[in-house]
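See below for the structure under consideration.
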Amino acid sequence: MAAVNSCFGLKGKIMKKIKIADVTLREDEKNGFFSFKEKINLAKKLDKLCVDIIETGKISNKKTDILFLHTIAPLLKNSVISCSVALNEQSCEQAAEALAAAKKFRLKIAVPVSSVQMEYICGKKPDKILELIKTLTEKCASLCDDVEFAALDATRSETEFLYNAVKTAISAGAKTVTVCDAAGEMLPSEYEAFIKSLYDGVPELKGVTLGTECGNELDMGCACLAHGVRAGVGEIKTSVDGKNQTALLAAAKIFKARGDFFKAYTDLNYTELEHTVSRLGFSKIQGENPDSISEFDKSEGIVLSDKDDIKTVEIAVQRLGYDLSQEDMKNVYEEFVKVAKKKQVGERELDVIVASAALQTAPIYKLKSYTINSGNLIKSSCVMVLSKDGEELQGMTVGDGPIDAAFQCIEKIAGRKFELDDFQIQSVTEGKEAVGVTVVKLRSSGKLYSGKGISTDIVESSINAYINALNKICFEEA
């Protein structure tokens with residue numbers, strides 16, 4: 001078929017490429033299983049496994065969802081990132097803007113096509129649904145070259161209406177059309193016949209990629225997908241846990257063992273996959289060593305001791321969101337050993353160690369002076385002077401509190417804004433003149449950088465920590 005890549009397999013058979021679209025992050029929109037950091041780590045792992053498409057949910061929380069897309073967009077090297085849009089044109093623009101930094105991205109329109117779901121989810125009649133499909137697909141096609149139309153509950157729709165919906169999406173610019181079996185009650189042979197009839201009823205499908213998503217109510221989702229591939233499907237949906245969709249590992253095993261039978265292959269990194277994903281669920285995909293899972297019990301967080309080796313510490317550092325070089329990891333571990341001989345190391349202590357030992361550079365920006373005005377009757381303001389290459393640079397800003405004003409002032413002087421990932425203050429001595437350690441974690445181009453500041457003054461230690469993180473960013477990006 002025109003839309004499917006092919007190559008020669010064993011014994012000279014022509015093999016077609018099957019795209020794998022993983023929906024784990026999309027489904028997490030419903031249950032919120034993952035933290036922000038865990039979602040980033042999961043996306044990176046899926047990209048390393050060479051999953052073709054990584055699906056995310058709709059932008060429902062504008063601040064956090066857009067921040068997540070901004071963060072992972074530049075990180076993905078192999079996978080296309082796909083964002084579902086809400087059923088309005090504004091959502092299409094919002095999603096395209098959030099994914100602008102991605103190497104490859106897709107916009108996905110998912111619209112119900114069965115009578116029950118059209119009425120229940122959209123409250124629209126069939127003719128209005130067709131208008132909606134046309135409008136949204138054309139809008140997405142104007143913003144992105146890769147547009148997917150997903151026909152929800154397709155196996156329970158009226159046949160002629162399904163055909164019309166698919167034709168409408170294709171004529172409006174959809175490059176991928178996915179039919180979804182929400183009920184998950186079809187037998188494999190029935191599903192194969194359904195796919196064949198779809199090709200017969202919609203000849204235009206031969207010019208695009210036909211995808212499929214099968215429910216698993218009868219535990220036959222994987223078999224249905226396999227029969228769908230035999231009937232001409234070019235893209236299948238999987239998830240890491242395989243709870244509501246076919247498990248990624250199960251799909252991989254089918255194509256690895258019997259791909260020659262189906263005359264199909266995937267680009268999955270099978271070796272990496274077998275070491276990363278298991279039927280146990282999400283623990284391994286988050287990058288954790290199964291022998292060390294007890295060390296990272298979610299109820300207690302990270303707890304390390306001097307008995308832990310560098311690999312275990314590296315896993316903990318990755319869980320915090322850092323991506324360190326071997327040299328930086330070696331420096332972090334050496335510092336960790338010194339601290340761990342005196343006490344157990346938790347999440348906050350490990351953050352301080354990373355900030356102290358990783359990516360140590362000669363300072364580009366240095367703090368010369370600062371003045372903070374703050375009170376309960378006035379807005380906090382900051383006047384600050386930094387030096388760079390012998391030149392003094394001054395800035396003045398107003399913020400929501402002294403620390404916010406100070407951080408904004410640094411950004412104004414540097415001429416850049418950063419995503420503040422985390423901000424921690426710890427007391428390391430007791431009494432009125434207690435010394436505080438501040439850790440500031442900034443994101444730049446999706447990568448995490450941390451800085452440390454120490455002072456008896458909380459504001460001063462915070463400023464020093466921010467400048468320390470800024471210097472690491474400037475050094476690495478120079």
note = Of all heavy-atom pairs linking Ala165 and Ile133, the shortest is CB-CD1, 3.8 Å
ask   = Are side-chain heavy atoms of Val51 and Leu268 found at a separation under 4.5 Å?
value = yes
remark   = Heavy-atom nearest pair, Leu350 first then Ala316, reads CD2-CB, 3.7 Å
note = dist Thr266:OG1 -> Ile254:CD1 (nearest 0.5 Å) comes out at 11.0 Å
ask   = Which heavy-atom pair separates Leu107 from Cys92 by the least distance, and what is that distance?
value = CD1-O, 4.1 Å
Distance (rounded to the nearest 0.5 Å) between Asp22 CG and Ile236 CD1 = 10.5 Å
message = Tell me if a side-chain donor or acceptor on Asp52 pairs with a main-chain N or O of Ala21 at a distance below 3.5 Å.
response = no
inquiry  = For a 4.5 angstrom cut-off between non-hydrogen side-chain atoms, does Ser84 reach Arg26?
reply    = yes
Minimum side-chain heavy-atom gap Arg443-Leu67 below 4.5 Å = no
key: Under-4.0 Å salt bridge between Lys196 and Glu192   = yes
query = Under the 3.5 angstrom rule, does the side chain of Asn269 hit a backbone N or O of Cys50 as a donor-acceptor pair?
reply = no
ask   = Mind checking whether Val440 and Leu470 have side chains closer than 4.5 Å, heavy atoms only?
value = no
message = With heavy-atom distances below 4.5 Å as the criterion, would you say the side chains of Asp47 and Leu75 are in contact?
response = no
N-O pairing of Lys175 and Asp145 below 4.0 Å = no
inquiry  = Using the ring centroid of each side chain, check whether Tyr449 and Phe418 are separated by less than 6.0 Å.
reply    = no
ask   = Between CE of Met15 and CG of Asp260, what distance do you get to the nearest 0.5 Å?
value = 5.0 Å
task = Determine the interplanar angle of the Phe423 and Phe407 rings, folded into 0 to 90°, and report it as parallel if under 30°, tilted if 30 to 60°, perpendicular if over 60°.
result = perpendicular
query = Within a reach of under 6.0 Å around CD of Glu158, are more than 12 heavy atoms found that belong to other residues, nucleotides or ligands?
reply = no
request  = Check whether any side-chain N or O of Thr438 sits under 3.5 Å from a backbone N or O of Lys452 as a donor-acceptor pair, and report yes or no.
outcome  = no
message = Can a side-chain donor-acceptor contact be found between Thr312 and Asp309 if the only test is distance below 3.5 angstrom?
response = yes
Heavy-atom pair with the smallest gap, counting every atom of Pro74 and Thr71 = CD-O, 3.4 Å
query = Are any non-hydrogen side-chain atoms of Ser60 and Asp65 less than 4.5 angstrom apart?
reply = yes
ask   = So, do Leu198 and Leu162 sit near enough that their side-chain heavy atoms are less than 4.5 Å apart?
value = yes
query = Just how far is it from atom CZ of Arg416 to atom CD1 of Ile473, taken to the nearest 0.5 Å?
reply = 6.5 Å
request  = Check each of Val317, Val345, Asp306 against Phe336 using the side-chain contact (heavy atoms from CB on, under 4.5 Å) test, and report the only one that passes.
outcome  = Val345
query = Which of these, Lys108, Glu213, Glu148, sits in a side chain to side chain donor-acceptor pair (under 3.5 Å) with Thr178?
reply = Glu148
ask   = Counting only heavy atoms not in Lys48, do more than 12 sit closer than 6.0 Å to its NZ atom?
value = no
key: No-hydrogen, no-angle side-chain donor-acceptor test under 3.5 Å, Asn331 and Glu327   = no
inquiry  = Other residues, nucleotides and ligands only: do more than 12 of their heavy atoms fall within 6.0 Å of NZ on Lys134?
reply    = no
query = Heavy-atom distance under 4.5 Å between the side chains of Lys253 and Leu249, does that happen here?
reply = yes
ask   = Any salt bridge between Glu93 and Lys139, counting N to O under 4.0 Å?
value = yes
query = Is the backbone of Ser450 close enough, under 3.5 Å, to the side chain of Lys472 for a donor and an acceptor to pair up by distance?
reply = yes
task = For atom NZ of Lys104, decide whether the heavy atoms of other residues, nucleotides or ligands shown that lie under 6.0 angstrom number more than 12.
result = yes
key: Residue Glu190 excluded, over 12 heavy atoms near CD under 6.0 Å   = yes
message = Between Ser444 and Glu477, do the side chains contain a donor N or O and an acceptor N or O under 3.5 Å apart?
response = yes
message = Once rounded to the nearest 0.5 Å, what's the spacing between atom CD1 of Ile54 and atom CG of Asn78?
response = 9.0 Å
remark   = In terms of heavy-atom contacts, Ala264 and Ile18 come closest through CB-CG1, 3.6 Å
task = Spell out, as yes or no, whether a donor-acceptor pair under 3.5 Å connects the side chain of Asn88 to the backbone of Ser91.
result = yes
task = Check step by step if side-chain contact (heavy atoms from CB on, under 4.5 Å) holds for Leu442 and Asp421.
result = CA-CA 5 Å; Leu442 303 178; Asp421 187 270; over 6 Å; no
inquiry  = Apply side-chain contact (heavy atoms from CB on, under 4.5 Å) to residues Lys19 and Val80 and explain how you reach the verdict.
reply    = CA-CA 11 Å; Lys19 295 179 182 178; Val80 175; over 6 Å; no
ask   = Which atom names give the shortest non-hydrogen contact between Val147 and Cys144, and what distance separates them?
value = CG2-O, 3.6 Å
query = Can you check side-chain contact (heavy atoms from CB on, under 4.5 Å) on Tyr199 and Leu210, steps first, answer last?
reply = CA-CA 9 Å; Tyr199 272 114; Leu210 177 60; 3.5 Å; yes
ask   = Are Ile59 and Leu69 close enough, and set up right, to give a side-chain contact (heavy atoms from CB on, under 4.5 Å), and what steps lead you there?
value = CA-CA 9 Å; Ile59 298 174; Leu69 293 173; 3.9 Å; yes
key: Spacing of CZ belonging to Phe261 relative to CZ belonging to Arg230, to within rounding of 0.5 Å   = 5.0 Å
message = Assess whether a salt bridge exists between Glu55 and Lys237, defined as any Lys/Arg side-chain N lying under 4.0 Å from an Asp/Glu carboxylate O.
response = yes
